[in-house]
Amino acid sequence: MGKLYIVPTPIGNLEDMTIRAIRILKEVDLILAEDTRTSGKLLKHFEIGTHMHSHHMHNEHKTVENLISRLKDGETIALISDAGTPAISDPGFLLTRACVENKIDVECLPGATAFVPALVNSGLPNDKFVFEGFLPDKKGRQTRYLALAEETRTMILYVSPHKLVKTLAEFITFFGEDRPICVSRELSKLHEENVRGTVREVLTHFENKPPKGEIVVVVGGKATVKENKKERE
């Protein structure tokens with residue numbers, strides 16, 4: 001029986017690649033990559049010559065059965081995404097679940113992911129939090145907002161740059177303009193930016209300075225509005 005390795009890759013800064021991750025990628029029989037062109041640059045940088053196959057949201061349903069068969073035959077496979085930890089708003093869950101169901105060993109290496117540094121440097125409570133990933137584009141979006149409006153834990157969302165201003169305006173509608181948030185942009189990269197304040201303040205910032213790059217939004221829970229008002233008084 002083989003083994004599946006879930007291997008995180010840097011979200012921007014290549015120095016965040018771990019020594020262990022490099023070793024595993026060199027030792028396995030096959031690497032599954034979300035985009036082989038993107039991952040090819042990473043593998044070339046670290047002189048990793050392992051063969052790659054494409055594994056993304058459009059083909060993962062079709063490839064799982066064959067991959068399980070290869071793992072049962074004793075092959076070792078590493079799964080990577082374009083950046084960060086696979087299966088976190090990226091492909092990986094279906095294959096991992098299939099391995100668990102077939103009693104195939106799965107090992108996830110610790111490593112880079114965008115939402116943890118965004119949460120920690122937001123300054124918002126991080127003892128309890130909820131990760132929402134990307135909100136639905138249309139169907140179900142309002143329903144999610146209505147539920148999240150009552151959430152008392154800190155919330156973490158991924159937002160596309162071209163949707164950020166619209167999303168912040170929606171925050172005002174459902175959360176109120178005084179809800180504390182932090183927008184982290186281009187984490188670990190040269191132009192990293194963390195914009196903290198109320199929803200209204202952060203919206204004004206990005207209306208005047210259109211955002212670019214990868215974005216993580218951390219939103220204070222419902223209770224933090226009252227706490228912020230007490231601090232200001």
Side-chain angles (χ1 to χ4, degrees), residues 1-100 102 104-118 120 131 133-134 156 158-161 184-193 212-216:
M1 193 76 77
K3 186 172 186 177
L4 175 68
Y5 291 93
I6 310 295
V7 182
T9 55
I11 60 174
N13 193 324
L14 292 180
E15 292 180 358
D16 293 334
M17 189 73 169
T18 68
I19 296 172
R20 183 178 172 208
I22 295 170
R23 177 179 60 80
I24 293 295
L25 293 180
K26 287 182 176 180
E27 291 178 351
V28 293
D29 298 307
L30 174 68
I31 295 174
L32 301 176
E34 186 177 3
D35 186 325
T36 54
R37 293 166 299 180
T38 299
S39 296
K41 297 174 184 177
L42 178 76
L43 300 191
K44 183 179 180 180
H45 179 82
F46 290 106
E47 300 179 344
I48 299 169
T50 308
H51 186 62
M52 275 193 298
H53 276 185
S54 179
H55 185 81
H56 48 73
M57 63 180 294
H58 301 296
N59 74 353
E60 58 179 339
H61 289 84
K62 301 175 183 178
T63 59
V64 166
E65 186 176 343
N66 175 257
L67 292 171
I68 291 298
S69 177
R70 295 181 65 163
L71 286 161
K72 284 183 175 180
D73 286 340
E75 290 191 45
T76 53
I77 298 176
L79 173 66
I80 61 176
S81 61
D82 289 347
T85 301
I88 303 296
S89 293
D90 275 325
F93 165 69
L94 292 179
L95 180 56
T96 301
R97 181 178 63 182
C99 285
V100 172
N102 285 274
I104 296 169
D105 282 347
V106 178
E107 185 172 344
C108 182
L109 278 62
T113 188
F115 79 80
V116 172
V120 173
F131 175 71
F134 290 99
I156 307 166
Y158 287 164
V159 181
S160 301
S184 293
R185 189 179 67 82
E186 294 290 84
L187 285 166
S188 85
K189 299 178 184 177
L190 181 62
H191 300 292
E192 177 175 330
E193 178 183 35
K212 296 180 182 180
E214 301 293 324
I215 290 173
V216 184

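- The two residues Val216 and Ala118 have their closest heavy-atom pair at CG1-CB, 3.6 Å.
- A side-chain donor-acceptor contact under 3.5 Å links Asp82 to the backbone of Asp35.
- Atom OG of Ser54 is separated from atom CG of Asn59 by 5.0 Å, given to the nearest 0.5 angstrom.
- Every residue meeting the salt bridge (Lys or Arg N to Asp or Glu O under 4.0 Å) condition with Lys189, not counting sequence neighbours, appears here in chain and number order: Glu186.
- Ser81 and Gly84 get closest at one heavy-atom pair: OG-O, 3.5 Å.
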Please evaluate residues Asp16 and Ser188 with respect to the criterion side chain to side chain contact (heavy atoms under 4.5 Å, CB included), reporting the C-alpha separation (whole Å), side-chain torsions for both, the decisive distance (0.1 Å), and the verdict.
CA-CA 9 Å; Asp16 293 334; Ser188 85; 3.8 Å; yes
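- Looking at Thr63 and Asn66, their side chains never come closer than 4.5 Å, going by heavy atoms from C-beta outward.
- In this structure, the separation between CD on Glu192 and OG on Ser184 is 7.0 Å, given to the nearest 0.5 Å.
- Of the candidates Val28, Ile24, Leu25, Leu25 is the only one forming a side-chain contact (heavy atoms from CB on, under 4.5 Å) with Ile48.
- Between Ser160 and Phe134 there is a side-chain heavy-atom pair separated by less than 4.5 Å.
- Contact check for Pro8 versus Leu109: side-chain heavy atoms found under the 4.5 Å cut-off.
- From Thr9, atom OG1 reaches atom CG of Leu79 across 10.0 Å, with rounding to the nearest 0.5 Å.
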Could you give me the CA-CA distance, side-chain angles and deciding distance for Thr50 and Leu30, then say whether side chain to side chain contact (heavy atoms under 4.5 Å, CB included) is met?
CA-CA 6 Å; Thr50 308; Leu30 174 68; 5.6 Å; no
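- By the 4.5 Å heavy-atom criterion applied to side chains, Met17 and Ile22 are counted as neighbours.
- Asp90 places no side-chain N or O within donor-acceptor distance of the main-chain N or O of Pro86, the cut-off being under 3.5 Å.
- For Glu60, the CD atom is densely surrounded, since the number of other residues' heavy atoms within 6.0 Å is greater than 12.
- For Asp29, there are no salt bridge (Lys or Arg N to Asp or Glu O under 4.0 Å) partners, not counting sequence neighbours.
- At a threshold of 4.5 Å between non-hydrogen side-chain atoms, the residues Val7 and Thr18 do not count as touching.
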Go through the steps for Lys3 and Leu71 under the test side chain to side chain contact (heavy atoms under 4.5 Å, CB included), then give the verdict.
CA-CA 6 Å; Lys3 186 172 186 177; Leu71 286 161; 5.6 Å; no
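- Between His53 and His55, a ring centre-to-centre spacing not shorter than 6.0 Å is recorded.
- Here the side chain of Thr76 pairs no donor or acceptor atom with the backbone of Leu4 at under 3.5 angstrom.
- With values rounded to the nearest 0.5 angstrom, Leu42 atom CG is found 6.5 Å from Ser39 atom OG.
- For the atom pair CD1 of Ile104 and CD of Glu75, the computed distance is 11.0 Å after rounding to the nearest 0.5 Å.
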Step-by-step side chain to side chain contact (heavy atoms under 4.5 Å, CB included) determination, Tyr158 to Ile88
CA-CA 11 Å; Tyr158 287 164; Ile88 303 296; 4.1 Å; yes
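- Taken from SG in Cys99 to CD1 in Ile6, the straight-line distance is 7.5 Å, to the nearest 0.5 Å.
- The shortest distance between side-chain heavy atoms of Met52 and Leu43 falls below 4.5 Å.
- Applying the side chain to side chain donor-acceptor pair (under 3.5 Å) test to Glu193 and every residue at least two apart in sequence or in another chain returns Arg185, His205, Lys209.
- Side-chain contact check for Pro110 versus Arg20: some heavy-atom pair is nearer than 4.5 Å.
- A heavy-atom distance below 4.5 Å is found between the side chains of Leu95 and Ile68.
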